[in-house]
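Here is the structure we will look at.
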Amino acid sequence: MAGLRTVGAIALTLAVLAPLGASKSHLVAGSITAMAATFAIKEKQWRQQAVTLALGLVVALTSMSLGALLSTHVVAGDLFFLALIFAAVYSRRFGDRGTALGLIGFQVYFVSLFVRAGLSGLPGLCGTLVVAFVCSALVRFVLVSETPERVLRRLRSAFRARLAQLVAAQIELLDAGPDRVEKALEEVRRHTARLHESAMMIQGRLEEGTRDSATAAHVQRRIADAEIAAERLGVLILTARSAERADTLTLHLPHAPVPAASDRLRTQDDTTATLRRDLEALRLLVLRPVAEDRGTGVAHVRNRLLGYRDEENLPRASAAVQDVFRGIGETARAVLGLRLAIDGPQDESDDTPSTTRSREELDAEDVAIVRAEEDEGDTQDRTGWKRPTTRTAVQVSVGSALAIVGGEFLSSQRWYWAVLTCWVVFLNTASTGEILVKGYRRLLGTVLGVVAGALLASVVGSHTWTAFGLVLLFIFAMFFTAPLSYALMSFFVTAMLGLLYTLLNTYSTGVLVLRIEETALGAACGVIAAALVLPVNTDRRTDELLATVLKRLGEVTDAAVDQLSGGPATELLDKARDLDTALDDLRSSTQPLTHPITPLRARRETVRYLVALLETCAYHARSLAATAELLPHSKTVAADPRLKGAGRRMAHNIDVLVARVEDDDTEGVAETGPSLASMLESDRPGLPRHDRVTDRVLRHLQRLDEGVIGLARPLGVRVSTPAGTASRGSAA
């Protein structure tokens, strides 16, 4: 959508300027301005977007006027450019609007340098800016309109598609032979991660995209249920086709060893065929629109799958295989809840008793959600997250000053490319290592883009509108590939610039080679500034984020155990999503340590293991939070005071890990001992295995306890054994 809006704004700007007889330089200035006015604005509500767009026009006109005024004053122009860079980065601390205005100001001043604006041509350029902003507004609010409700609706459809893709990957894992199981497992990992990404995107849009907080909590709950059930189903399938119980870590650790295969499924052809059929039915149930649910066929399939939750029609098979059927039932129940939350009430005429029971459970949970939101009211803290800092502004300014000086030695006319690269490598980065990796990727994309730009320039020649058409195509590709690969995005940017130089009749092979040199210089200046001016070491940055993740993990676990023990209700799923957000930040910050070019291979594997183990812990904590939120109005979950004692050891261990990360000299000891399940087994006699949720809660607690102890090894924390001895780095 960002690509469509940007391309639409540029195309409309060109369509307005061309009949007015605008020069090529004005067409280029209008195109770049329309692009900046479109992609810079990130606010979600239309009113906020309109205000920012109006303020952005004022900033753009001021920036262009100053650029033209200072074009003949080299020193004054450079000093103003540095001040503008500092202000643009510093303004990011004021939220989306500050970020947008700073970006527009910087980009338009860059346009003035690119088209060599002067006082004589200033009126025409200002008129071009007005046209570009008006066209951007028309595309944003009329032609490619996008409201928070529409975005959320598309995200929910995307979540369904991702869920169906994950089930399809799980079917492939079920069918994979010994030579294909590793690839099939990797696909399950990939689709599990993508489903989680979709859930996080929905979480970020719930507040603006729903009519009230109760509806947002309802959708959040159903999305979390579906994500947890689908991930658990993957673990159960892996266990069923393995010789031993699979660890959840296997789904999060890239290239983790595949558990040894067993003959559980190979010797049960009828059961395997039924299992495959039911998984395929589950996938179709996820994808099928509610409007096509008429008839008894869909109801029959849904009823059969939901019946597995109540032990109905379970095939005679091993316990691991039967668990997969139960997992299918739980996932079908989550899909039913998701459909009810998104599509509203549905036909209940063909419901079986098990389906009716599932609906009643969902209704009871909905009541609990609504009451919790009413009690919560508007007392929640909604303070925003302010990312930019003065330190970053100072670093970018120093790096840009170095880039200006070095760029002038390379070219007195196109030194600004080095400044632009220095600016860009600092965006959305926080450590020296991240800047180094981003600079490397930009340089790689630029080199490849220069080759493509040279080839395209020789083919396009003087065909103006063909060149503009390719520019639009590359801009869309730039936005579309930005989340996937920064190097690929840089490739399309550089190829587009080759076409723009062709339009301005300034193209030459030397110009594109200069582009590579200026890019390398800008990236180097950025790295130097990051390393020498108020540096943030990659290790320090990751340690800070790791401590944050562990604290969030402790908060979710403590709150969930307290609520499951009969304590007061809290916003558990919000805490769980805060944990997910912190974990995403940690994952991004470790990219320099896990990048393929890093020479420290052993450390790279350790970091990957650490992140995967944290993802596993987050999954179990999320599952505990989702179960705890069913209290106190659920018919299937009851508080158990004994759980509070079972979670004390885990809370202590998390505190020890946090202290170790924050201070290397801390000598705390993590505690191991009997399994959490065995701690409660003595006073739980005679209860049937599958008729209580407490068993599942204990399994999640046990896995979480093992995961926390497993973190001790890479973090160098001593672990006490049941006998009372302690060894550094031992792990369960």
Item to complete: Check the pair Val167, Gln170 against side chain to side chain contact (heavy atoms under 4.5 Å, CB included), reporting the backbone distance first and the verdict last.
Response: CA-CA 5 Å; Val167 176; Gln170 291 169 349; 4.3 Å; yes
Worksheet entry | All ring pair (Phe, Tyr, Trp, His ring centres under 6.0 Å) counterparts of Phe86, not counting sequence neighbours |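 Listed in chain order: Tyr90.
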Worksheet item: Distance from Asp96 atom CG to Leu101 atom CG, nearest 0.5 Å?
Response: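 Result: 11.0 Å between the selected atoms.
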Item to complete: Starting at CG of Asp585, measure out to CZ of Arg541 and round the result to the nearest 0.5 Å.
Response: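 Spacing of CG (Asp585) from CZ (Arg541) equals 6.5 Å.
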Worksheet item: Could you walk me through whether Tyr619 and Arg232 pass the side chain to side chain contact (heavy atoms under 4.5 Å, CB included) check?
Response: CA-CA 9 Å; Tyr619 161 73; Arg232 180 171 177 267; 3.1 Å; yes
Discussion item. Using the side chain to side chain contact (heavy atoms under 4.5 Å, CB included) definition, which of the options Asp580, Ile223, Leu583 pairs with Met200?
Written reply: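 Testing Met200 for a side chain to side chain contact (heavy atoms under 4.5 Å, CB included) against Asp580, Ile223, Leu583 leaves exactly one candidate, Asp580.
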Worksheet item: Which atoms form the tightest heavy-atom contact between Arg622 and Ile228, and what is the distance?
Response: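 Result for this residue pair: O-CD1, 3.5 Å.
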Fill in: Heavy-atom closest pair, residues Pro714 and Leu610
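Heavy atoms of Pro714 and Leu610 come nearest at CG-CD1, 3.8 Å.
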Can you tell whether the side chains of [X] and [Y] come within less than 4.0 Å, N to carboxylate O?
X: Arg189; Y: Glu186; result: yes
X: Glu662; Y: Lys551; result: yes
X: Asp578; Y: Lys575; result: no

Worksheet item: Do the ring planes of Phe106 and Trp423 sit parallel (below 30°), tilted (30 to 60°) or perpendicular (above 60°)?
Response: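 If you compare the ring of Phe106 with that of Trp423, the planes turn out parallel.
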Worksheet item: Does the side-chain hydrogen bond (donor to acceptor under 3.5 Å, both in side chains) test come out yes or no for Arg699 and Gln702, once each step is laid out?
Response: CA-CA 5 Å; Arg699 282 198 297 270; Gln702 181 62 35; over 6 Å; no
Worksheet item: Could you walk me through whether Thr519 and Val447 pass the side chain to side chain contact (heavy atoms under 4.5 Å, CB included) check?
Response: CA-CA 9 Å; Thr519 299; Val447 172; over 6 Å; no
